[in-house]
Protein chains: 2
Amino acid sequence: MKSPSQPRDRGIPDATVARLPLYLRALHGMAEKAIATVSSEDLAVAAGVNSAKLRKDLSHLGSYGTRGVGYDVEYLVYQISRELGLTQDWAVAIVGVGNLGRALANYGGFVSRGFRVAALIDADPEVVGDDIAGLNVEHIDELEAVIKRRGVSIVVLATPAAAAQEVCDRVVAVGVTSILNFAPVVLSVPDGVDVRKVDLSIELQILAFHEQRKAGGPLMAVDSQ
Amino acid sequence: MKSPSQPRDRGIPDATVARLPLYLRALHGMAEKAIATVSSEDLAVAAGVNSAKLRKDLSHLGSYGTRGVGYDVEYLVYQISRELGLTQDWAVAIVGVGNLGRALANYGGFVSRGFRVAALIDADPEVVGDDIAGLNVEHIDELEAVIKRRGVSIVVLATPAAAAQEVCDRVVAVGVTSILNFAPVVLSVPDGVDVRKVDLSIELQILAFHEQRKAGGPLMAVDSQ
DNA sequence: TTCTGTGAATATGTTCACAGCT
DNA sequence: AGCTGTGAACATATTCACAGAA
């Protein structure tokens with residue numbers, strides 16, 4: 001059995017990692033406008049954060065700015081991309097080609113820099129064989145074979161809730177350690193496997209909570225502050 | 001004993017609010033299995049958190065458990081639902097009926113307790129008039145009228161990135177203060193408007209970061225453990 | 001006893017404010 | 001001068017550990 005010790009300095013804080021993609025997107029927009037240099041203030045505004053946070057975040061990657069000047073856009077794009085591991089191509093498999101899976105397969109931003117949808121997999125014989133976004137939908141029986149053959153390292157689960165845990169177990173068994181889960185279930189996975197969850201109904205419920213606060217409940221008082 | 005009249009001091013931490021939907025889902029599963037009472041430990045496992053965190057979270061709502069026994073499932077469902085504002089029905093409009101909008105309209109969990117998709121809106125004449133998930137797709141020109149007529153208080157943006165800010169401005173102008181944004185842009189809104197963002201490519205990039213760490217990148221470098 | 005509820009301790013994240021480089 | 005990078009102060013979140021109710 002392994003020691004439960006973890007590296008003491010995980011390096012970049014989680015909160016920072018979660019914001020790097022935001023900075024990257026803002027920087028890409030600037031690069032397209034041929035902006036060569038940007039200050040922490042301007043980049044922060046474009047990314048929707050404050051400049052102190054941005055500088056602190058970037059300082060975790062190294063000293064890539066120039067005092068009195070700002071950051072070189074292209075250079076910073078490269079550094080953040082490298083930190084996020086986007087200088088290589090990640091093969092992504094989407095399991096479950098219902099409405100959501102289809103949306104994901106067709107989603108442009110998904111296929112963009114660093115990621116490639118390498119496989120679409122479903123259990124429904126009606127769907128298997130279809131061409132979606134230029135890819136042939138393969139049968140769930142082929143799951144393990146496809147993952148190995150295509151070098152898939154990230155799996156997106158867009159299956160019904162009832163199927164998610166089983167698919168998860170199977171992809172973990174063939175060595176996948178990164179899963180993006182859209183099914184509304186809590187997946188149980190071994191240590192070392194990373195699961196990120198996107199849950200539409202949770203987001204709605206959080207909005208409802210705040211909306212209720214603002215409105216003063218179902219009565220919707222006329223004199224809102 | 002607290003006065004039941006004014007719910008004034010309810011300072012529930014954001015982190016807690018974000019987890020309440022998780023607890024609620026786990027509790028619903030238990031209610032369906034006719035489980036009457038649950039301990040913090042069991043509920044925590046079902047929700048994928050640890051029990052200390054769960055108890056602390058629930059303590060912000062009040063003292064709804066019984067020492068030595070646990071929590072009454074039905075009662076806790078009610079209390080959390082009420083706190084989240086799910087005892088009323090929220091009318092939701094989905095703007096942008098592409099692949100993603102369609103997926104959302106058909107997503108069962110979306111339509112579940114507390115939420116009702118009240119309108120589907122798109123700019124494409126090809127799509128306007130279609131019936132999707134039992135709803136007629138209306139034209140974007142009708143946006144303001146539909147929102148008012150149906151009492152929409154939460155808007156889901158599933159438009160292309162380029163259209164998101166304009167639609168956002170328009171719905172904010174007619175009084176919407178809760179927006180769930182799927183478009184990969186930073187929306188700018190006035191104070192008091194709540195925007196939650198779901199960004200698929202950001203989630204992927206965060207996964208890639210961790211995956212890279214685990215694998216040591218494409219080179220499979222020295223395993224530092 | 002069992003299990004909740006909660007202060008205290010710790011860990012993580014954010015903001016301030018200014019030192020230090022260009 | 002202008003702007004980054006960063007320690008220190010502050011704020012929020014998590015975990016511990018146990019007092020206290022059933």
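Note that the structure is a prediction, hence the values are computed from the model and not measured. In the text below, chain A, chain B and the rest are named by the order of the sequence lines, each starting its count at 1.
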Verify side-chain hydrogen bond (donor to acceptor under 3.5 Å, both in side chains) between A/Thr87 and A/Arg82, making sure each step is shown before the conclusion. CA-CA 6 Å; A/Thr87 49; A/Arg82 202 166 57 87; over 6 Å; no
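- In this structure, CG of B/Leu61 is placed 10 Å from P of C/dG5, rounded to the nearest angstrom.
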Can you give the donor-acceptor pairs under 3.5 Å from side chains of residues 27-34 of chain B to other protein atoms, not counting sequence neighbours?
{"unit_1": "B/His28", "atom_1": "ND1", "unit_2": "B/Leu24", "atom_2": "O", "d": "3.3"}
{"unit_1": "B/His28", "atom_1": "NE2", "unit_2": "B/Arg113", "atom_2": "NE", "d": "3.2"}

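- Checking A/Asp199 against A/Ser201 by side-chain atom types alone, a donor-acceptor pair falls below 3.5 Å.
- Between A/Ala47 and A/Leu22, the closest heavy-atom pair is O-CD2, 3.6 Å.
- For the atom pair OH (A/Tyr107) and CG (B/Leu100), the distance works out to 9.0 Å, reported to the nearest 0.5 Å.
- Side-chain nitrogen and oxygen atoms of B/Tyr64 include none within less than 4.0 Å of the OP1 or OP2 phosphate oxygen of C/dC3.
- A donor and an acceptor atom, one from each side chain of A/Gln79 and A/Tyr75, are located under 3.5 Å apart.
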Identify every side-chain donor-acceptor pair in residues 175-189 of chain A under 3.5 Å, counting partners at least two apart or on other chains, and give the distances.
{"unit_1": "A/Thr177", "atom_1": "OG1", "unit_2": "B/Glu211", "atom_2": "OE1", "d": "2.9"}
{"unit_1": "A/Thr177", "atom_1": "OG1", "unit_2": "B/Lys214", "atom_2": "NZ", "d": "3.3"}
{"unit_1": "A/Ser178", "atom_1": "OG", "unit_2": "B/Glu211", "atom_2": "OE1", "d": "2.4"}
{"unit_1": "A/Asn181", "atom_1": "OD1", "unit_2": "A/Ala183", "atom_2": "N", "d": "2.9"}
{"unit_1": "A/Asn181", "atom_1": "ND2", "unit_2": "A/Ala183", "atom_2": "O", "d": "3.1"}
{"unit_1": "A/Asn181", "atom_1": "ND2", "unit_2": "A/Val185", "atom_2": "O", "d": "3.3"}

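- To the nearest angstrom, P of C/dT4 lies 16 Å from OH of B/Tyr75.
- Annotation: proximity of residues 25-39 of chain B to DNA chain D (heavy atom, distance under 4.0 Å) is found for no residue.
- Annotation: proximity of residues 43-60 of chain A to DNA chain D (heavy atom, distance under 4.0 Å) is found for A/Arg55, A/Lys56, A/Ser59, numbered in ascending order.
- Contact between A/Tyr71 and A/Arg55 at its shortest, heavy atoms only, is OH-CG, 3.8 Å.
- In this structure B/Arg67 satisfies the side chain to side chain contact (heavy atoms under 4.5 Å, CB included) test with no other residue, sequence neighbours excluded.
- Bracketed by its first and final contacts, the part of DNA chain D lying under 4.0 Å from non-hydrogen atoms of chain A reaches from D/dG2 to D/dA8 in 5' to 3' order.
- The CZ atom of B/Arg196 sits 7.5 Å away from atom CG of B/Asp194, with the distance rounded to the nearest 0.5 Å.
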